[in-house]
Every structure is written in structure tokens, then in C-alpha cells.
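Keep in mind that the numbers below use all heavy atoms, side chains included, and drop hydrogens, waters and symmetry copies. First the proteins, then the strands, lettered A, B, ... as listed; each starts at 1. This is a predicted model, so every value here is computed, not measured.
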Amino acid sequence: MPELPEAETIVRGLRPALHGTVISRARVLRPDILRTSPARFRKHVAGRRIQHVGRRGKNIVMELDPPGFLVVNLGMTGRLLTLPSVSPSTHPAVRFTLDDGGVLVYDDVRRFGRVEILTPGEWESRSAAMGPEPLDPHFAGHDMFARLQTSRSPIRSWLLDQRRVAGVGNIYANEALWRARIHPARPANTLTRKEGHALHGAIRSVLLSAIANGGTTLRNYRDASGKRGNHARRLGVYGRVRKPCVRCGTEIVRIVFGNRSAFLCPECQPWERHQT
DNA sequence: AGTGTATCCTGCAGGC
DNA sequence: TGCCTGCAGGATACAC
């Protein structure tokens with residue numbers, strides 16, 4: 001999906017437009033986006049005020065009053081657009097009408113995304129099941145390193161598991177590993193303390209860089225106003241098969257495991273450390 | 001515990 | 001132009 005930086009960019013764009021507005025009604029054009037019946041969804045959403053627009057991992061989270069949460073997971077191709085936007089809504093799934101005349105559309109070509117309305121308790125337990133926020137100051141390198149010790153799964157898979165760290169997807173997992181010079185298939189518990197800390201720093205720096213550039217647009221991703229993100233040109237490995245590593249010139253390689261593509265520089269990210 | 005595979009969907013690029 | 005294959009920022013469920 002849209003990963004953490006893309007969700008964050010969307011949230012920042014939505015906040016001024018949505019903060020304090022009341023959702024007058026919702027129209028559900030694609031019921032499979034919900035996890036409840038359209039009738040129930042409409043009933044629960046209508047008349048509630050958006051108190052806060054935030055993010056947890058890759059989820060866009062709107063706090064409502066009366067208390068509740070509107071939670072949007074963008075899946076692979078979900079977009080949350082305020083209309084009018086520079087990029088038209090081509091596959092609208094849910095359309096919210098706001099009391100100030102504004103329109104918010106959840107648009108999703110592939111419909112892997114989810115739009116849910118949760119009680120405070122439901123949201124609390126959902127959030128509790130997710131890992132720490134990587135940009136939270138409380139997300140410490142030594143904590144992450146300690147958690148790496150408990151898993152033998154490939155470090156790229158470890159990073160994609162939202163229960164371990166929230167918000168990292170395939171682009172930024174690959175990018176962080178390249179920055180930290182770690183082979184994506186290395187078992188998590190084989191990383192040295194130094195590598196663990198390097199990875200921790202790389203995750204944060206790549207996410208911050210992506211946010212600063214408005215996210216990475218490869219295909220579908222657009223911000224709340226329909227604009228593309230500018231981070232794609234800064235990618236070091238993702239999608240760069242057979243192109244030269246910008247650090248050393250070696251050709252980037254694509255491997256597949258865990259049913260996902262992984263990209264790496266075989267020179268910068270050897271399986272074993274070079275003996276020099 | 002971890003891996004491989006399949007599934008939910010649609011669209012696009014590339015090869016022939 | 002058409003047809004085919006493979007691929008895609010995600011999440012989950014299953015068998016082994």
C-alpha cells in the first residue's frame with residue numbers, strides 16, 4: 001500500500017479539511033470495502049463529528065464524536081481524496097458528504113482496502129495488537145534489537161509484520177535494509193547489535209525522507225488533494241533491478257521470498273560480512 | 001515458529 | 001491490434 005509515509009502525507013492533507021466537520025451521510029458504492037453491512041455503516045457514521053485525523057501504522061484514523069473511530073486501511077491501491085482533486089476519483093467505493101459542503105471519497109481500484117467504523121474498545125485492541133510506531137521517540141534501537149533476537153524469520157519479512165513494527169511495507173523495508181547494508185533474507189536473530197541499530201536508524205531516516213517528499217508514487221498513490229509523491233526518484237533499490245547501485249555501481253538484484261519481491265545490492269548487502 | 005501458497009481484485013507493461 | 005504472462009506500496013488463511 002501506501003505505507004506509513006503515504007498515510008502520513010494523506011493525513012496531513014486531510015486534517016485541515018476535515019477537522020471539526022460533521023459527516024452528514026455516507027454512500028457506499030462498493031460494499032466489499034466494509035466489514036459490515038452498508039446500512040449499518042451508514043447509520044453509524046451519519047451525524048458524527050470528526051474530532052481528530054491521525055494515523056497508526058498504515059491506517060488513517062479519524063476520531064469521532066460521539067466516540068468512535070473511522071479507520072481506513074488503503075490496501076494496495078486505496079486513495080482518500082477530498083473533492084475536487086487534481087486526480088479524479090476513478091473507482092469510488094465510499095463517498096462521505098460533510099456538513100460544510102465538502103466531499104471525501106474513498107477510491108480503490110483493487111478493493112483490497114478497508115473502511116471500518118469501530119467502537120473505542122475495538123480500536124484500542126486493534127491498535128494494541130500493532131507494533132510500535134517507528135517515528136515515535138519511544139521507539140528505541142535497543143528495544144528493536146532485543147525483539148530481533150526472538151525471531152528467525154528473514155529480516156525483510158520481520159519488517160513487514162505489522163505486529164513487530166507498524167507502518168513499514170515492502171518499499172521502505174527494502175530501502176531501509178539497503179541503507180543499513182543488510183541482506184533482506186538474513187534471519188532477524190543473526191543481525192549484530194551494530195546492524196540492528198543501523199537498521200533502526202535507517203528505518204527512521206527513510207520514513208522521514210519519504211514524508212518530507214510527500215510519499216512515493218509508483219502507480220496509484222496520491223495525496224488527499226490528488227497529487228503524486230516525489231520520493232520515487234530517491235529510491236536506492238526498490239524497483240531498480242539491473243540498474244547500478246548509487247553507492248557502488250553494482251547492478252541491483254531482485255529476489256523473491258515470502259511471496260514478495262526483494263531488491264538488494266549484492267555488493268553492499270552481502271549475506272556474509274566481507275573479510276577484509 | 002516459519003515458509004510456501006493461495007486468495008481477495010484490477011490494470012498495466014512487455015513479449016510475441 | 002490482440003492475447004498472454006507477470007507484476008503490483010497489503011493482509012490473511014491454510015497446509016505442512
Between CG of Asn220(A) and P of dG11(B) the distance, given in whole Å, is 10 Å
Keeping the roles fixed (side chain from Gln162(A), backbone from Gly167(A)), state whether a donor-acceptor pair exists under 3.5 Å. yes
When rounded to whole Å, the CG to C1' distance for the pair Asp32(A) and dT10(B) reads 12 Å
*Determine whether the side chains of Arg156(A) and Asn170(A) contain a donor N or O and an acceptor N or O closer than 3.5 Å.*
yes
Any side-chain donor-acceptor pair under 3.5 Å between Arg110(A) and Thr77(A)? no
message: Using OP1 and OP2 only, check whether a side-chain N or O of His91(A) sits under 4.0 Å from dC9(B).
response: no
For DNA chain C, the expected dot-bracket line (Watson-Crick or G-U under 3.5 Å, [ ] crossing, | inter-strand) is .|||||||.|||||||
Between dA6(B) and dG6(C) - P atom distance, rounded Å: 13 Å
Sorted by number, residues from residues 109-136 of chain A placing a heavy atom under 4.0 Å from DNA chain B are Val109(A), Arg110(A), Arg111(A), Phe112(A)
**Asked** Salt bridge or not for Glu175(A) and Arg234(A), using N-O below 4.0 Å?
**Response** no
query = Looking only at side-chain N and O atoms, does Arg254(A) come under 4.0 Å of OP1 or OP2 in dC7(C)?
reply = yes
Separation of dA13(C) atom C1' from Asp161(A) atom CG, nearest Å, is 15 Å
Q | Glu124(A) CD: over 12 foreign heavy atoms closer than 6.0 Å | A | no
Taken to the nearest whole Å, CZ/Arg56(A) to P/dA11(C) is 13 Å
TODO: For the pair Arg79(A) and Asp107(A), find out whether any cationic side-chain nitrogen is under 4.0 Å from an anionic carboxylate oxygen.
DONE: yes
Atom CD1 of Ile255(A) and atom P of dG4(B) are separated, to the nearest Å, by 11 Å
Q) Hey, does Asn170(A) reach any base, or is it just sugar-phosphate, or nothing, if we go heavy atoms under 4.0 Å? A) sugar-phosphate
_Once you apply a heavy-atom cut-off of 4.0 Å, does Ser153(A) come out as touching a base, just sugar-phosphate, or nothing?_
sugar-phosphate
For this session: State whether a side-chain donor-acceptor pair under 3.5 Å links Ser205(A) with Arg179(A).
Result: yes
Margin query: Does Ser225(A) form a side-chain hydrogen bond (donor to acceptor under 3.5 Å, both in side chains) with Lys227(A)? I'd like the steps, not just the answer.
Written below: CA-CA 6 Å; Ser225(A) 64; Lys227(A) 294 202 298 282; 3.3 Å; yes
When rounded to whole Å, the CZ to C1' distance for the pair Phe263(A) and dC7(C) reads 10 Å
Closest to the 5' end of DNA chain B, once Pro154(A) and Arg30(A) are matched to their nearest nucleotides, is Pro154(A)
note: Met76(A), atom CE; dC9(B), atom C1'; distance rounded to Å ~ 10 Å
NA contact type, Ser157(A), heavy-atom cut-off 4.0 Å: base, sugar-phosphate, or nothing? nothing
Requested in this report: Check whether any side-chain N or O of Thr77(A) sits under 4.0 Å from OP1 or OP2 of dG11(B), and answer yes or no.
Outcome: no
When rounded to whole Å, the CG to P distance for the pair Asn259(A) and dC7(C) reads 11 Å
Comparing nearest nucleotides in DNA chain B, the 5'-proximal residue of the pair Arg219(A), Thr150(A) is Thr150(A)
> How about Arg247(A): does its CZ atom have over 12 heavy atoms from other parts shown lying under 6.0 Å from it?
Replying inline: yes
Backbone of Phe139(A) reached by a side-chain donor or acceptor of His200(A) within 3.5 Å
yes
